Structures are given as C-alpha cells and as structure tokens.
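Below is one structure, written out as structure tokens, with a few remarks after it.
No experiment lies behind these values; they were computed from the predicted model shown. Sequence lines set the chain letters: A, B, ... in the order given, protein chains first and strands last, and positions in each chain run from 1.
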Number of protein chains: 2
Amino acid sequence: MATSLQVSGPGGTKSHQLFLLLKDAISSGRMAPGTKIPGELKLADEHQVSRVTVRRALEALTAEGLIMRKPGVGTLVCEQPIGATVMTASVSNLLPNISKMGENSRVRLLEFGYGNPPEGVRERLRLNGNDRTQRSIRVRLAEEKPFSYLTTHVPERIAISYNEDELATTPLFNLLERSGVHLDHATQSISATLANKDVAEALGVAVGSPLISLTRVVYDKEGKGVEHLHALYRPDRYRIEIDLCRADGEDGRYWQPLAPDQT
Amino acid sequence: MATSLQVSGPGGTKSHQLFLLLKDAISSGRMAPGTKIPGELKLADEHQVSRVTVRRALEALTAEGLIMRKPGVGTLVCEQPIGATVMTASVSNLLPNISKMGENSRVRLLEFGYGNPPEGVRERLRLNGNDRTQRSIRVRLAEEKPFSYLTTHVPERIAISYNEDELATTPLFNLLERSGVHLDHATQSISATLANKDVAEALGVAVGSPLISLTRVVYDKEGKGVEHLHALYRPDRYRIEIDLCRADGEDGRYWQPLAPDQT
DNA sequence: TATAAATGTATTATTAATAGAACAGGAAAA
DNA sequence: TTTTCCTGTTCTATTAATAATACATTTATA
C-alpha cells in the first residue's frame, strides 16, 4: 500500500503522523512483538515521505521503548515489559483490583479544599445553588508508577466526617460508609480525552496523550448525590474489563454482565 | 495556570496540540457553549506560545465550526447542533441503542476480505496457526455523521455463511446467529487511543484526536471464538454508560450492573 | 570473502512553523 | 468621547521539519 501522509495547517507533522500510525499498529497487535518491521527506505517509499521523516518517527518509537534497532539487522518490535502490570478494573468493582495492587499501591493527594462546585458537578449531584463541596485531586500509583488522576467532589455535609490525612490513606468508599451514608446506586460514563499539562505531569505522560476518562456519580437511598468522580487513566497501565454472558430474559436473549467474584 | 506546550521531535506541532486541547475542552463540556474563551494574548501566555500559534489553533477550531469570533468582542464557544445526538451504549447492550438511532443509522463497508489474522487476534479467538479469518472494516453513521470505526475478524468457517452485501446491511450479530452459531459469552476491554490517518479520515476527525477504544471477543458454547471486534468511537458522538446498583451478596455488599431494560 | 541489506551519520536546500512586534479596526464600557 | 480589550493583518527573523543525496558501519549470508 502506498498511503501518503498529508500535512496541512495544524494537522500534525508527517513524522508525527507516521509515528502514530506505527505506534497504533504495534499497540493494537497488528505488528506483534518480535516482528521485523520494514526498512527505512521501504517505509519512506510506502508512505511517500523522505527517509529523514521515517527516522524521526522511528526514533520516537525507540524513545518509548516500542522498537529495537540494530545496524545491519533491522528494526524489531519489542516485547512490552511496561504493559506487564496493567491494572484491570471489572466494571462491577468500582474499586480497581486493590487486591492485585497489594502493598504496591499508593495515593498522592495533590489538592484538598472546599468551595462551590462547577455547574455540571452540582447538577449531577443534585445540589442546591449554595451547597458547597469538598474537592480533592488524587493520583494513584502502582509500583510507584502513576496510573490514575482522580478528581472527586463530595457534598460538604458528608465530607466533614473525615479529614485530609484520612483521605490520603483510606479509600473514599470506606470513609463514606463509615460516615453513615448508605450508598445505593451509581452511574458511570466512559470516554476518552487528551492529557493537558497538569495531568500529563502528574501521570508522567506527554501532553496530548490519550487517556481513558470515567465519570461516576454515586447516590444514596434517597437519591441524593454522595460522590462525583472524574477519573483519568493511563491506557497503558489501566484497562476496564467487562465480562458478559448471554442470558435468557422475558423479551428474548440479552447480554448479562457477570457479577464480580468477590474474592 | 501557565501550562506550556512542548514540541520535541515528532510530538505534533504546538498549534496542533493547542487545537486538540481546546477542542477536547469544548466537546467534553468543560467549556460550555456560549462561554467566552480567553483572548489570544492570554492563551498565548497561558500556554507559553506565540500569538501566531494560538491563531492557528483558533483558525482550525473556527473551520470546524466549534467557535465563533468577533473583533472587539472575543471568541465564543458555539452551540453544538452536531453533538446534540450523543449515542450512548449501555454496557449490557452489545449493540448500541439502535432503537435510538432509528432510521438514521447507516453502515459503510470500507474493507472486506479473507486472510491470516494478526497474532493477537488469532490468540484471542483461540484459532490454530493456519485458520483464516474474514476481516471487515465498517463505519457506522448516525444522521449521516460517522461515530464508530469497526474492525472485525470472524473465523472463515463461520463467515462463509454470509456475503459482503449482507454485512453492509445487517448487524453482524444477526448474521452470526442466523448461521447457527450459539453466542454464549464475551469479554470486553475499554481503553483510549489516538486517531491515525485512516481512522481520522473515516470518522471526520483530526489526526491525533482522542478515541474510545473497545475490544470485544465473543465465544460460543464450546468456548470457540466467534467474533473479534476492535471498535473506535468518537467521544463527542458516543459514550459508554453503566448503571450500577448496590446489592447484598454472600461475601458482603457489592456493585451489581443493572440488566438492560429490553425496550 | 564478497555481497546485500540494514541502520547510522552527514550535507545541502527548501519549505513550514514559530516568535515577536507593530498597527488597524470593531465593540463595549467608563 | 475616550479608554480598553479584542480580533484581523502584516512584517521580519529564527528555528524546525522535510526532501534528496551520499557515504560509513554493522550484520548476515551466499
């Protein structure tokens, strides 16, 4: 295939486009670890760019540890030692597999304070115009590597039952239930976004990197909002897994999410 | 905040990065329609770039109809008639809400052919080394606007039961069940990635835009792989929703995903 | 050992992106 | 009105990206 890369206005450079193209081919498994990828001249010809441009893309891939190059031999797709410890979260477990994370899990509390929440948060928590919330920003680490950036809003009346230190050491759910709140139901919405500078620094990725975005709102029995979470995850260190089972229902067959095995 | 954009090697140009950041802020709702965004000089200062660079990003946003500019007034975020129809998929519905999409849903078949699948796909489908698969690439549109880019692999023995035209008109699940396959269980994995050139063109987004990535493998009763799906979704037109209910189990309380209301 | 294929390195020229500055003109507010 | 803020326009200078080419070096292989 002789696809040709374009560059028009702020469309990203050719080398960047080629870099993305190759990176995607690797991380999607289309180019398996161990595979020898085409030579620089062949890539240059295939994509209608100069060899310099190909080299830039390959250098970026090398810097990320995705490929290995040897003069006289070629370029090989690396085995990925990084993705070895990918955290997975069953949908049902609102908490990621803490058990798997074990002792290596840690939390950094970046921000902690009270104030008026942004409008979107206030609406979803079903608060009145004046109700204040506690806002906290936390970064979770596994094996000292950050993988999630969590922004939570909790109504002030609930949040006063715990302090800054407790939030830095104890899962928020435990704190909420301890305070007497009866967690009842929740909605989650999953999307994708780009890392801005703050998040990029906290998670150790480049600005503009892709991140999994998850927004969760938890309600109590009365339908009052209890927690609003906006989570950003590094896709190379975190993944959301869902197992489904085909089941028979009243109106025909449908897909039933598997309940978590509470081990 | 004084975030600064970097450009190192093939990291995309600064104007492109700023364009993506602002676009994401708009389409995610962090900058609501009607909002006046900071002036060019302020943006230039905040992101540590020159005004020319800011203008490039804003010109690109204008071209996409995301912002409106008036001399003497400023730059406003447009009301988005496009994003009005965000498609949501309950986790339980493997098919997105076709009902909501109604008559306006359409499929474009971009590729169709048989061959040896990449290793990752072969493993997940539990195929032997020689087993061939049918590979198809489809783009789903709602109201003539593309929102998903689907790459599917189906083992040859199953795929021969339908042809190219049927795939372009009938949901794959229907074709599979028609062929006598008993769909039994599935695993899904959700992540995030960046748009490469092919996908960007098909979905009408810029190269480097964030996309929701979903990989699903469906198995039959015998545990044989039946379908391997790699789906990419535009986050501004598609979202994955999960509703959970706190339930009592043997080992304590846990979160139970809600079964779909099969309406 | 000679050859082919691959990466590494270097040079030059051209084009695009960026920075920094200046100035013109529209629109709102003191 | 005057001031202020914003976009629109134009200019120059600098830096980065790209193309095209040449040559050296490493490695496997015929």
Anything under 3.5 Å between a donor and an acceptor, one on a side chain of residues 111-119 of chain A, the other on a protein residue two or more places apart or in another chain? List them.
from: A:Glu111; atom 1: OE1; to: A:Arg135; atom 2: NH2; distance (Å): 2.7
from: A:Tyr114; atom 1: OH; to: A:Gln134; atom 2: NE2; distance (Å): 3.4

Worksheet item: Is B:Glu40 salt-bridged to B:Lys42, cutoff N-O under 4.0 Å?
Response: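 No salt bridge links B:Glu40 with B:Lys42.
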
Worksheet, complete the sentence: Among the nucleotides C:dA19, C:dA17, D:dT18, whichever has the atom closest to the side chain of B:Thr53 is C:dA19

N/O donor-acceptor pairs under 3.5 Å from side chains in residues 146-157 of chain A, not counting sequence neighbours:
from: A:Thr152; atom 1: OG1; to: A:Ser136; atom 2: OG; distance (Å): 2.5
from: A:His153; atom 1: ND1; to: A:Thr133; atom 2: OG1; distance (Å): 3.4
from: A:Glu156; atom 1: OE2; to: A:Arg132; atom 2: NE; distance (Å): 3.4

Just how far, in rounded Å, is [atom2] of [N] from [atom1] of [X]?
X: A:His16; N: C:dA17; atom1: NE2; atom2: P; result: 14 Å
X: B:Asp45; N: C:dG20; atom1: CG; atom2: P; result: 11 Å
X: B:Lys42; N: D:dC6; atom1: NZ; atom2: C1'; result: 13 Å
X: B:Leu18; N: C:dT18; atom1: CG; atom2: P; result: 10 Å
X: A:Gln48; N: D:dT18; atom1: CD; atom2: P; result: 15 Å
X: A:Leu43; N: D:dA19; atom1: CG; atom2: P; result: 14 Å
X: A:His47; N: D:dT18; atom1: NE2; atom2: C1'; result: 16 Å

Worksheet item: Who passes salt bridge (charged side-chain N to carboxylate O under 4.0 Å, His left out) against B:Glu59, sequence neighbours left out?
Response: B:Arg55

Worksheet item: Which residues satisfy the side chain to side chain donor-acceptor pair (under 3.5 Å) test with A:Thr187, sequence neighbours excluded?
Response: none

Worksheet item: For A:Arg126, what residues pass the side chain to side chain donor-acceptor pair (under 3.5 Å) criterion, not counting sequence neighbours?
Response: none

Is the shortest side-chain N/O distance from [X] to OP1 or OP2 of [N] below 4.0 Å?
X: B:Ser50; N: C:dT18; result: no
X: A:Thr13; N: C:dA17; result: no
X: A:Arg56; N: D:dT18; result: no

Give every pair of a protein N or O atom and an N or O atom of nucleotides 3-7 of chain C that lie under 3.5 Å apart, one pair per line with the distance.
from: C:dT7; atom 1: OP1; to: A:Thr75; atom 2: OG1; distance (Å): 2.9
from: C:dT7; atom 1: OP2; to: A:Glu40; atom 2: N; distance (Å): 3.0

Discussion item. Going by side-chain hydrogen bond (donor to acceptor under 3.5 Å, both in side chains), A:His228 matches just one of A:Glu123, A:Arg122, A:Arg124, A:Arg216. Which one?
Written reply: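 Only match with A:His228 under side-chain hydrogen bond (donor to acceptor under 3.5 Å, both in side chains): A:Arg124.
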
